[in-house]
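Worksheet for the structure shown next.
What you see is a predicted model, and the numbers here were worked out from it, not measured in a lab. Throughout, protein chains are lettered first and strands after them, A, B, ... in sequence-line order, and every chain is numbered starting at 1.
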There are 2 protein chains.
Amino acid sequence: MNGNGTSELEGPREAIIRVATGLFGERGFPATSMRDIAREVGILAGSLYAHIDGKETLLLEIIETGIAEYIDEAVAALTGKNGSEERLRALIRAHLDVVARGPRTTKIVFHQWRYLSEDHRALVRHRRDEYEELFVQVVQAGVDEGIFAADLDVPTVVRSILGALNWTPEWLRADGADPIDVVAQRLADTLILGLCHR
Amino acid sequence: MNGNGTSELEGPREAIIRVATGLFGERGFPATSMRDIAREVGILAGSLYAHIDGKETLLLEIIETGIAEYIDEAVAALTGKNGSEERLRALIRAHLDVVARGPRTTKIVFHQWRYLSEDHRALVRHRRDEYEELFVQVVQAGVDEGIFAADLDVPTVVRSILGALNWTPEWLRADGADPIDVVAQRLADTLILGLCHR
DNA sequence: CCTACCGATCGGTAGG
DNA sequence: CCTACCGATCGGTAGG
């Protein structure tokens, strides 16, 4: 790692993707110009195209890598965990880890996919459904096993949890006072236990 | 009301705001051009400026009106309600009513404020804090009264609730199979009671 | 509200 | 990776 926290072995292509992730996440895709990216990389706009295909392909690549990170981390977090509550807590914790590692990637994955072409949007939607399905499976299993309330509306539960998780990049700071696992536990307690006495 | 569901008495200025709300909400502010708005209104781009000051002012006006709607509706929903749980349910219900009435306004209020100038952003942030404070007060009161669990982390609770609510424009359809009050109750149950047995 | 236009900037390319 | 450039489009204005 160098002083910027980036790998010393980063090639020009990786630098472009890293810079684009930062800018797309902060300003959004349409408000970021190829010239903005080039400037921060330290080259001229035209030179970008020696390394990447185009602006939209760049966005697609960032989103696909980002979703894969969420799915891989979630699957890894589930292995070896047996209880449904433990499994749901693992999913929440894994999600927060990914957000903390790269809040901008999260914003891109969950908000900037609108700017993809229709074909690419369908591709991304499919992957996001895969991720959502992990939550559905765990919650449904908990209901079936009698761990969670029998009268839960599972889709509503999953949408609430994912909504709360997708909102975390707005307030979570990796360098914040509270360690990430403390924040994750607070959030999991809130989402699983609710507000009433337990 | 005419065939478009809009008021017959709508002037050109109101038409511009209505069209801009739709486009800013669907495509986002930077991806919407003044020519897009003008086309849908049925005039030429230059003619817009006889009715509005500029693109950013248009965004600011939409956001300010939108936040005011959330705050007004929330305050109205609270009057006459006494129990903390009842009050929190009223806030959730009021929020969902506003989302159902105009999902695009919600997306603009909670996501497009980034594209305002710094002064306008501060203004909007202040109003959003006002809205958030309504939730904080109700939840804190419930904790103080012993209605909600004493060991709740109130900021985490409010962020989770607002996160879940802000996500609803992504899946809620006003014309959906379920009436809005059914959806609101499901969501309130999920957020307040959590997943465990109650 | 239209005509006609401004300078600036956009994503991207040819040729080296 | 730069020079030099393409046509298209941007927010906005002057004058009527």
Side-chain angles (χ1 to χ4, degrees), chain A residues 6 8-64 108 112-121, chain B residues 4 6-64 108 112-121:
Chain A
T6 57
E8 300 278 8
L9 299 173
E10 182 189 66
R13 188 181 155 77
E14 286 73 33
I16 292 168
I17 291 174
R18 173 177 49 82
V19 167
T21 302
L23 293 175
F24 289 168
E26 256 159 50
R27 310 180 190 173
F29 178 77
T32 303
S33 75
M34 297 303 275
R35 281 160 179 84
D36 292 334
I37 297 170
R39 192 181 310 119
E40 202 163 306
V41 169
I43 59 179
L44 291 183
S47 308
L48 290 170
Y49 296 87
H51 307 286
I52 55 154
D53 280 347
K55 200 188 178 191
E56 203 234 344
T57 316
L58 191 52
L59 177 62
L60 176 63
E61 190 169 329
I62 292 170
I63 292 182
E64 283 190 319
I108 300 173
Q112 304 296 313
W113 55 264
R114 301 164 203 279
Y115 302 110
L116 293 171
S117 70
E118 198 167 274
D119 286 356
H120 290 159
R121 261 205 314 274
Chain B
N4 296 321
T6 57
S7 170
E8 299 278 8
L9 299 171
E10 183 189 66
R13 188 181 156 77
E14 286 73 32
I16 292 168
I17 291 174
R18 173 177 49 80
V19 167
T21 301
L23 293 174
F24 289 168
E26 257 159 49
R27 310 180 189 173
F29 178 77
T32 303
S33 74
M34 296 305 275
R35 282 159 178 85
D36 292 334
I37 297 171
R39 192 181 309 119
E40 201 163 307
V41 170
I43 59 179
L44 290 184
S47 308
L48 290 171
Y49 296 87
H51 306 287
I52 56 153
D53 280 347
K55 198 188 179 190
E56 204 235 343
T57 315
L58 191 53
L59 177 61
L60 176 63
E61 190 170 330
I62 292 171
I63 292 182
E64 283 191 318
I108 300 173
Q112 303 296 313
W113 55 265
R114 302 166 203 279
Y115 302 110
L116 293 171
S117 70
E118 198 167 274
D119 286 356
H120 291 159
R121 262 204 313 274

How would you label the contact of A:Thr32 with the nucleic acid (heavy atoms, under 4.0 Å): base, sugar-phosphate, or nothing?
-> sugar-phosphate
Of A:Ala45 and A:Arg35, the one whose nearest nucleotide on DNA chain D sits closer to the 5' end is A:Ala45
With A:Leu58, which of A:Ile63, A:Ile37, A:Thr21 fulfils side chain to side chain contact (heavy atoms under 4.5 Å, CB included)?
-> A:Ile37
Taking all non-hydrogen atoms of both residues into account, name the closest pair between A:Glu56 and A:His120 and its distance.
-> OE2-ND1, 3.0 Å
Looking at A:Arg35, A:Met34, A:Arg13, which one forms a side chain to side chain contact (heavy atoms under 4.5 Å, CB included) with A:Leu48?
-> A:Met34
Identify the two heavy atoms, one from B:Ala38 and one from B:Leu44, that lie closest to each other, and give their separation to 0.1 Å.
-> CB-C, 3.6 Å
What nucleic acid atoms does B:Leu44 come within less than 4.0 Å of, heavy atoms only: base, sugar-phosphate, or nothing?
-> base
C:dC10 - base-pair partner by Watson-Crick or wobble geometry, distances under 3.5 Å | D:dG7
Would you classify B:Gly54 as touching base, sugar-phosphate or nothing, given that sugar-phosphate means primed atoms plus P, OP1 and OP2, and contacts are heavy atoms under 4.0 Å?
-> sugar-phosphate
Give the first and the last nucleotide of DNA chain C, reading 5' to 3', that has any atom under 4.0 Å from a heavy atom of chain A.
-> C:dC10 to C:dT13
Starting at the 5' end of DNA chain C and moving along, which residue's nearest nucleotide shows up first, A:Ser47 or A:Arg39?
-> A:Arg39
Where B:Ile108 and B:Ile62 come nearest, the two heavy atoms and their spacing = CD1-CG2, 3.9 Å
With both distances kept under 3.5 Å, what pairs with C:dG15, Watson-Crick or G-U wobble?
-> D:dC2
Take B:Arg18 and B:Glu40 through the salt bridge (Lys or Arg N to Asp or Glu O under 4.0 Å) test and state the conclusion after the steps.
-> CA-CA 10 Å; B:Arg18 173 177 49 80; B:Glu40 201 163 307; 6.0 Å; no
